Amino acid sequence: MCDAQGRFVTSGAAVLGDGGASCLAGSNRTESSKMTVRTRFAPSPTGYLHVGGARTALFSYLFARRHGGQFVLRIEDTDLERSTAESVNAIMEGLTWLGLDYDEGPFFQTERFERYQQVVDDLLERGLAYRCDCPKERLDRLRDTQMAAKVKPRYDGHCRGREIDPEQPHVVRFKNPVDGAVIVDDLIRGRVPFANTELDDLIIRRSDGSPTYNLTVVVDDADMAITHVIRGDDHLNNTPRQINILKALGHEPPRYAHVPMILGPDGKRLSKRHGAVSVVSYRDNGYLPEALLNYLVRLGWSHGDQEVFSLDEMIALFDISDVNTAASAFNVEKLDWLNQHYIQHGEPKHIARLLSPHMGELGIDPAEDGPELVDVVMAQAARAKTLKELAAISAFCYRDFEDYDEAAAKKHLRPVARPALEGLRAELEMLALEDWEPETLHRVVERVAEELELNMGKVAQPLRVAVVGRAASPGIDVTLQLVGKDATLRRIDRALAFIDARAANA
RNA sequence: GCUCCCUUCGUCUAGUGGUUAGGACGUCGGCCUCUCACGCCGGUAACAGGGGUUCGAAUCCCCUAGGGAGCGCCA
């Protein structure tokens with residue numbers, strides 16, 4: 001909760017004051033609104049936003065939206081060595097592209113060091129933490145003997161009762177309870193008990209004075225009044241320590257929900273060798289944000305037999321306690337199916353807008369000349385799994401293709417096709433520009449086929465290859481319309497020349 | 001090594017003591033057809049293994065196996 005000055009204040013006995021970050025408008029909280037749901041996404045800026053993080057963010061976002069709460073973005077950048085500004089930008093770029101808007105933040109932990117110092121000092125004063133100057137060698141030795149004795153390596157509390165000069169190099173350790181148990185009542189996994197004897201006195205302040213993760217996360221979650229912590233299940237083992245610290249600070253722990261991780265297509269831990277793991281790379285490869293979101297929400301969560309969800313539907317139907325307990329593998333084929341679904345069923349104008357930059361990638365400016373991009377989308381949408389593909393198979397609408405598809409040319413651009421192409425050329429040339437539309441074009445092709453007593457296929461296919469360069473395109477009438485009269489005649493001439501050259505070489 | 005988590009078709013999942021174990025992606029076959037797609041119809045395919053509890057277990061309990069995480073002056 002925040003006080004009148006807009007500072008984070010704890011709800012416990014000790015008022016711990018400002019740490020640098022400030023409350024934003026709208027987060028003014030009172031006792032009665034204390035139960036407002038607040039979730040957070042807390043990435044460390046050491047790389048791009050990957051699909052696992054994106055799903056965690058999505059779940060947190062949906063949960064907050066579902067319950068009329070707030071979604072907070074917090075950057076956990078206390079690892080000065082590895083954190084970069086580029087990563088912060090990359091993460092925000094990913095969230096923005098997905099449309100996961102946050103209500104508060106981004107808050108940076110590096111701006112809250114003063115606050116963490118206060119908390120550590122307070123813990124020290126109250127005897128809930130202590131200084132430790134155990135040399136590395138002692139710790140290493142301890143660890144080795146414990147490993148040899150087949151027990152879990154833990155700090156032995158050597159400095160618990162010792163007086164250590166605050167001026168001399170030391171770390172601060174949290175005095176973890178020595179007995180009893182901590183029960184993590186997880187929204188996804190249920191009650192998971194941990195014996196305190198399994199835990200040790202973890203370091204909460206390094207010898208350089210900087211706070212460690214388990215301290216900062218707890219302080220921030222408390223100060224930012226986070227009610228539900230939704231995060232990867234690699235944090236489940238950290239949770240009992242965090243609860244102990246929270247209790248020492250006099251805070252009620254938030255509810256936790258540990259989501260299982262996302263595996264690569266091979267069932268192994270997701271990594272760079274699996275190819276695209278960065279959210280932004282999906283954008284660049286022609287995926288729609290709504291498709292990725294839809295795919296991710298179905299990884300670990302479901303609502304009966306429903307497969308397609310709009311963001312609004314997700315918000316209305318999502319419940320964190322319905323999330324699965326097991327890890328799931330990332331399956332590109334299903335993502336492709338969803339992406340194709342959204343390309344095909346999305347608003348053509350919307351798709352055209354998203355397609356435009358991919359045309360640009362091919363050096364095509366759809367605004368310059370050629371057909372309206374919306375018309376291309378309507379004709380081609382069912383034929384592409386990604387916008388990148390959609391751009392590639394639509395380039396012929398805007399410029400002459402380089403080479404014929406070899407197999408298609410071999411099969412359809414043969415001397416036998418010459419009469420058909422000549423007949424088509426003659427008829428098409430006579431067509432008035434205002435008649436250059438599917439209905440008329442269709443009749444022309446039909447008429448030529450009838451006159452030559454050929455199947456539609458024997459006429460349409462050579463024409464298609466002549467005009468598109470490949471044997472696949474929308475209906476021949478729509479294809480001709482998109483290509484336009486000039487280019488159509490030009491490309492038929494090119495095909496006739498190709499056939500002649502081929503006959504000469506035979 | 002210790003602690004914790006996990007285990008239904010190839011993949012994502014439904015299922016919460018009684019179902020011919022359902023759906024989706026993929027795959028295979030067919031239909032549609034001027035091509036490629038789309039669409040439609042149909043097929044293939046799973047409860048990790050073993051013990052219990054119960055009249056009855058995918059569902060509850062135990063063990064085993066396999067997978068994963070944590071055990072940092074990383075987050």
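Throughout, a chain's letter reflects where its sequence line sits, starting with A, and its residues are numbered from 1. Since we're looking at a predicted model, the values are computed, not measured.
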Exercise answer: donor-acceptor pairs, residues 445-454 of chain A side-chain atoms, under 3.5 Å, sequence neighbours excluded:
from: A:Glu446; atom 1: OE2; to: A:His442; atom 2: NE2; distance (Å): 3.4
from: A:Arg447; atom 1: NE; to: A:Glu427; atom 2: OE1; distance (Å): 3.4
from: A:Arg447; atom 1: NH2; to: A:Glu427; atom 2: OE1; distance (Å): 2.7

Ring centre gap for A:Tyr287 and A:Tyr342 strictly below 6.0 Å = no
Would you indicate which nucleotide in B:G68, B:G26, B:C34 comes nearest to any side-chain atom of A:Glu333?
-> B:G26
Touch check for A:Arg143, heavy atoms < 4.0 angstrom, all strands: base, sugar-phosphate only, or nothing?
-> sugar-phosphate
Taking only residues two or more places apart in sequence or in another chain, which ones pass side-chain hydrogen bond (donor to acceptor under 3.5 Å, both in side chains) with A:Asp186?
-> A:His258
Taking atom types as modelled, find out whether A:Lys385 and A:Asn339 have a side-chain donor-acceptor pair closer than 3.5 angstrom.
-> no
A:Arg470: what forms a side-chain hydrogen bond (donor to acceptor under 3.5 Å, both in side chains) with it, not counting sequence neighbours?
-> none
If we call it a pair only when both distances are under 3.5 Å in a Watson-Crick or G-U wobble match, what pairs with B:G29?
-> B:C41
Report yes or no: is the cationic atom of A:Arg74 (NZ for Lys, CZ for Arg) closer than 6.0 Å to the six-membered ring centre of A:Phe108, at no more than 45° off its axis?
-> no
A:Gln109 side-chain proximity, nearest of B:U35, B:A75, B:C71 = B:A75
Pairs touching residues 180-218 of chain A that satisfy ring pair (Phe, Tyr, Trp, His ring centres under 6.0 Å), sequence neighbours left out = A:Tyr213-A:His235
Can you tabulate the close N/O pairs, meaning under 3.5 Å, that link protein atoms to atoms of nucleotides 31-33 of chain B?
none

Polar contact flag, side-chain donor to acceptor under 3.5 angstrom, A:Tyr116-A:Asp220 = yes
Pair A:Arg189-A:Thr325, side-chain donor/acceptor within less than 3.5 Å = no
Base, sugar-phosphate, or nothing: which does A:His235 touch, judged by heavy atoms less than 4.0 Å apart?
-> base
Table of protein N/O atoms under 3.5 Å from nucleotides 36-42 of chain B N/O atoms:
from: B:C36; atom 1: O2; to: A:Arg383; atom 2: NE; distance (Å): 2.5
from: B:C36; atom 1: N3; to: A:Arg383; atom 2: NE; distance (Å): 3.3
from: B:C36; atom 1: N3; to: A:Arg383; atom 2: NH2; distance (Å): 2.9
from: B:A37; atom 1: O2'; to: A:Ala382; atom 2: O; distance (Å): 2.2
from: B:C38; atom 1: O2'; to: A:Gln344; atom 2: OE1; distance (Å): 2.3

Residue pairs passing the side-chain hydrogen bond (donor to acceptor under 3.5 Å, both in side chains) test with at least one member in residues 401-413 of chain A, sequence neighbours excluded, are none
Taken in chain and number order and not counting sequence neighbours, the residues that satisfy side-chain hydrogen bond (donor to acceptor under 3.5 Å, both in side chains) with A:Thr84 are A:Ser87
Taking a pair as Watson-Crick or G-U wobble with both distances under 3.5 Å, which nucleotide is matched to B:A14?
-> none
Among side-chain atoms of A:Arg231 and A:Thr39, is any donor-acceptor pair under 3.5 angstrom?
-> no
Hey, could you give me each pair passing salt bridge (charged side-chain N to carboxylate O under 4.0 Å, His left out) that has a residue in residues 142-157 of chain A? Not counting sequence neighbours.
-> A:Arg138-A:Asp156, A:Lys152-A:Glu198
Please tabulate the protein-to-nucleotide N/O contacts below 3.5 Å involving nucleotides 47-49 of chain B, giving atom names and distances.
none

Do A:Thr216 and A:Thr78 meet the criterion of a side-chain donor-acceptor pair at a distance under 3.5 Å?
-> no
Run the ring-centre check on A:Phe309 versus A:Phe318 and record whether the distance is less than 6.0 Å.
-> no
Please work out if A:Arg82 contacts a base, only the sugar-phosphate, or nothing of the nucleic acid, heavy-atom cut-off 4.0 Å.
-> base
Please check if any side-chain donor atom of A:Gln242 sits under 3.5 Å from a side-chain acceptor atom of A:Asn214, or the reverse.
-> yes
Does anything in residues 43-54 of chain A reach RNA chain B, meaning a heavy atom under 4.0 Å, and if so which residues?
-> A:Ser44
Which one is paired to B:U19, where only Watson-Crick or G-U wobble pairs with both distances under 3.5 angstrom count?
-> none
If a protein heavy atom is under 4.0 Å from the base, mark B; if only from the sugar-phosphate, S; if neither, -; do that for nucleotides 4-16 of chain B going 5' to 3'.
-> SSSS---SBSS--
Is there a donor on the side chain of A:Asn238 or the base of B:A75 sitting less than 3.5 Å from an acceptor on the other?
-> yes
Does B:G70 have a Watson-Crick or wobble mate here (both distances under 3.5 Å), and if so which one?
-> B:C2
Counting side-chain heavy atoms from C-beta on, which of B:G1, B:A75, B:G72 comes nearest to A:Thr78?
-> B:A75
